[in-house]
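Remarks on the structure that follows.
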Amino acid sequence: MRGPTRAGPAGVRQAAAAAALGAAAVLLTSLALLPWAPLAVLDRSTASGLHAGALEHPALTRLMRILTDWVWDPWAFRLLLAAVCVRLLWRGERPAAYWVAGTALVGAGVQQGMKAALGRERPRWREPVAWAEYAAMPSGHVLTAALVCTVLLWLWQERGTPVTTARWRTALGAATVSVLGVAFTRLWLGVHWLTDTVAGALLGTAVALASAAVWAALRPGERLDGPVNGQTRGGARMDRRGRRQPPGGRPR
């Protein structure tokens, strides 16, 4: 259920952050495709150094393939988000469930649209340790991870979780490690340039924050507010599906 909150200022901050990250992604992409010499050197040196490490440490490379194909695969993140949508639907929070699903679709559209438009080639190696198809920029793995992690953190914060608690810091740390871990596995396996992964992180976070800002603008003064011990924060009783109950006990 939803209760009153100061959604306006939060929405403004989310919109500003989304705009800043989106602008940074556009600037980075433009410089990478020119190409701007210092950035091109950074891309090549990072890719070459990590590829040499991948050839030298095959056991670590196998671990990276397991992580990127199973643990941090985009479909793993999408299934996690799908489970959250099912949970929201079960609780009767249909607008939020549809909004989360729509955000994921927008992110996928941004990813595929930019790949098709930019057509950047992936690194090529005489001795590749992994293979990937389609264009390189932005990294779809990293974009998906950043978007899903940001959406999950937003949902948790919308339920009133203080950002100063240890649980919040732990969740934020886990999300950060996941996004950075996805980026590193893609670089180690030699299927992306460094700028591909950075652009993916910027865009995925920007799309999620923009979605949160639009939600706040369309539903001002409200938040997602799940039941606590069978009650809303306003004290009203809730049934097991998250529906508010009047004093008589029947859900409205």
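For the numbers below, each heavy atom of this structure counts, side chains included, while hydrogens, waters and symmetry mates do not.
By the criterion of side-chain heavy atoms lying less than 4.5 angstrom apart, applied directly or through intervening Ile, Leu, Val, Met, Phe, Trp or Tyr residues, Leu80 is grouped together with Val151 in one hydrophobic cluster. Both Leu28 and Leu34 are part of a single hydrophobic cluster, where members link through side-chain heavy atoms under 4.5 Å apart. By the criterion of side-chain heavy atoms lying less than 4.5 angstrom apart, applied directly or through intervening Ile, Leu, Val, Met, Phe, Trp or Tyr residues, Leu50 is grouped together with Leu60 in one hydrophobic cluster. Tracing side-chain contacts under 4.5 Å through hydrophobic residues (I, L, V, M, F, W, Y), one reaches Leu27 starting from Val198; they form part of the same cluster. Under the 4.5 Å side-chain heavy-atom criterion for Ile, Leu, Val, Met, Phe, Trp and Tyr, Leu147 and Val71 are members of the same hydrophobic cluster.
Rounding to the nearest 0.5 angstrom, the gap separating the CG atom in Leu81 from the OG1 atom in Thr103 is 8.0 Å. How far CG of Leu21 is from OG1 of Thr150: 9.0 Å, rounded to the nearest 0.5 Å. Summarising the geometry, atom CG belonging to Leu88 is positioned 14.0 Å from atom CH2 belonging to Trp99; distances are rounded to the nearest 0.5 Å. For the atom pair CG (Leu39) and CZ (Arg44), the distance works out to 10.0 Å, reported to the nearest 0.5 Å. Atom CD of Gln112 is separated from atom OH of Tyr134 by 5.5 Å, given to the nearest 0.5 angstrom. Residue Leu33 holds its CG atom at 5.5 Å from CG of Leu118, rounded to the nearest 0.5 Å.
Judged by distance alone, the side chain of Ser48 and the main-chain N or O of Ser45 form no donor-acceptor pair under 3.5 Å. A donor-acceptor pair under 3.5 Å is formed between the side chain of Trp193 and the backbone N or O of Glu121. Proximity of a side-chain donor or acceptor of Thr61 to a complementary backbone N or O of Ala54 within less than 3.5 Å is detected. Judged by distance alone, with hydrogens and angles left aside, the side-chain atoms of His141 form no donor-acceptor pair with the main-chain N or O of Ala183 at under 3.5 Å.
Residues Ala32 and Thr195 share a closest heavy-atom pair of CB-OG1, 3.9 Å. Pairing each heavy atom of Ala17 with each of Leu209, the nearest pair is CB-CD1, 3.7 Å. Taking every heavy atom of both residues into account, Thr185 and Val182 meet most closely at OG1-O, 2.7 Å. Minimum heavy-atom separation, Ala210 to Ala18: N-CB, 3.6 Å.
The cationic atom of Arg159 (NZ for Lys, CZ for Arg) does not lie both less than 6.0 Å from the six-membered ring centre of Trp156 and within 45° of the ring axis.
The side chain to side chain donor-acceptor pair (under 3.5 Å) pairs that include a residue from residues 19-36 number zero, where partners must be two or more places apart or lie in different chains.
Remark: Trp188 pairs with Phe184 by the ring pair (Phe, Tyr, Trp, His ring centres under 6.0 Å) rule, at least two apart or across chains. For Arg122, there are no salt bridge (charged side-chain N to carboxylate O under 4.0 Å, His left out) partners at least two apart in sequence or on another chain.
Aromatic ring pairs are classed by plane angle as parallel below 30°, tilted from 30° to 60° and perpendicular above 60°; the pair Trp125 and His51 is parallel.
Each of Asp196, Thr68, Thr197 was compared with Arg186 under the side-chain hydrogen bond (donor to acceptor under 3.5 Å, both in side chains) criterion, and only Thr68 meets it.
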